[in-house]
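Working notes, beginning with the structure itself.
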There are 2 protein chains.
Amino acid sequence: MGLFLSTHVNKVDKKGRVSVPSSFRGVLGGQTELIVFRSLQANAIDACAVDYMDRLSEALDNPNKPDDMRDLIETTVFGGSVRLAIDPEGRIVLPEHFMAFAGITEGAAFVGRRHTFQIWDPDALSVHEAASRDRSRAQNISLSTILARTNSVLAGGGSSGGGVQ
Amino acid sequence: MGLFLSTHVNKVDKKGRVSVPSSFRGVLGGQTELIVFRSLQANAIDACAVDYMDRLSEALDNPNKPDDMRDLIETTVFGGSVRLAIDPEGRIVLPEHFMAFAGITEGAAFVGRRHTFQIWDPDALSVHEAASRDRSRAQNISLSTILARTNSVLAGGGSSGGGVQ
DNA sequence: TGGGTGCTTATGGGGTATCATGGGATGGGA
DNA sequence: TCCCATCCCATGATACCCCATAAGCACCCA
């Protein structure tokens, strides 16, 4: 119950409300607010807990970060983010221009990404997911290979993998 | 009692429930949840304990990990995986699209793979196993050759190791 | 050695709590 | 006074939990 996991598709009603999946609300703990902003990588909406934003801010203060990246993130993420209230039934109302940006109309797909999650139009997600799976397959990613490979990275070694699968 | 071993075939009842083999539940310790994920290599479902996923998540936070790889894994693995509760009788309910993906209808084969296990349609598994056996035979793999070859690697030596088999 | 006994495991069905979703009511701001 | 946002309540569907039954296995005792 600590990480945002799995994908849930929920309906958007005519008032613009959409339920945040129960398991995601569980990850948020008792928090009745969350942060959303337009994703930098895709036509999707990124979302996270309020306190996650604080940690992101600290990371940004790291002097090793290039200045232009800091500028970019400050503008797009912090400037473009919105704080949303979760109603007693666990629903949120996405701002109009966010819906348009992600192409969301009557359905919204919530995709867990560990510390954050994304909100997609279901159709756009299918397309994106298919492409991602292909790329992952090309990299030979599986539950068992990720750990093995990461450990070798940590050890400084770069065994190219090519495992038996 | 530490590794997922051997293969068990169980029935899927009309509610979609299927028993996790008792020995697998033993490996999970007291954990009442597990993670499932559509395999990238085969039409089967990968499964692991929740804490395995936690370790995977920690590994992903390693700053040496390339950013694009992290994105890919977060989307494919974490977005594509589902957390399933194990009921008091030791059963799980696989999501509809997971069943369809693996071609599972009335039976499910649980295949131990050490730290993870897979769930197959029994018929699809037979086909896959036959193919795997052929490949093993072609590569002259046996339990004793694996150890012998690994040891020689560790020792830095390259004794070509003509397999006994 | 063979039969019986008791436990663990797998499977089936029914009842209940939770969740997603829809509609209506209420209150504050324009 | 009107409109919009929020909150409250109702409902259908689903997921979860509890109990019951049956089948396999190991152990024990005769």
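The structure displayed is predicted, hence computed values, not measured ones. The sequence lines fix the lettering, A, B, ..., with proteins before strands; numbering per chain opens at 1.
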Relative to each other, are the rings of A/Tyr52 and A/His115 parallel, tilted or perpendicular (30° and 60° limits)?
-> parallel
Atom-pair distance ([atom1] on [X]; [atom2] on [N]), nearest Å:
X       : N      : atom1 : atom2 : value
A/Ile92 : C/dT21 : CD1   : P     : 12 Å
A/Asp13 : C/dG23 : CG    : P     : 8 Å
A/Glu96 : D/dA5  : CD    : C1'   : 15 Å
A/Leu84 : D/dA5  : CG    : C1'   : 13 Å
B/Phe24 : C/dT8  : CZ    : P     : 21 Å
B/Asn10 : D/dA23 : CG    : C1'   : 13 Å
A/Arg25 : C/dT21 : CZ    : P     : 11 Å
A/Asp87 : C/dT26 : CG    : C1'   : 15 Å

[N] phosphate, OP1 or OP2: any side-chain N/O from [X] under 4.0 angstrom?
X       : N      : result
B/Arg17 : D/dT14 : no
B/Lys14 : C/dG13 : yes
B/Ser22 : C/dT9  : yes

Heavy-atom nearest nucleotide on DNA chain D taken for B/Glu89 and for B/Val93; more 5' hit belongs to B/Val93
Side-chain donor-acceptor contact under 3.5 Å, A/Ser6 with A/His8 = yes
B/Arg38 and A/Glu129 ion-paired at < 4.0 Å =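 Result for this pair is yes, salt bridge flagged.
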For the side chain of B/Arg91, counting heavy atoms from C-beta on, which of C/dA10, D/dC18, C/dT21 is nearest?
->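 Out of C/dA10, D/dC18, C/dT21, the nucleotide with an atom closest to B/Arg91's side chain is D/dC18.
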Does the cation-pi check pass for A/Arg113 over B/Phe78, that is, NZ or CZ under 6.0 Å from the six-membered ring centre and within 45° of its axis?
->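 No, A/Arg113 does not sit over the ring of B/Phe78.
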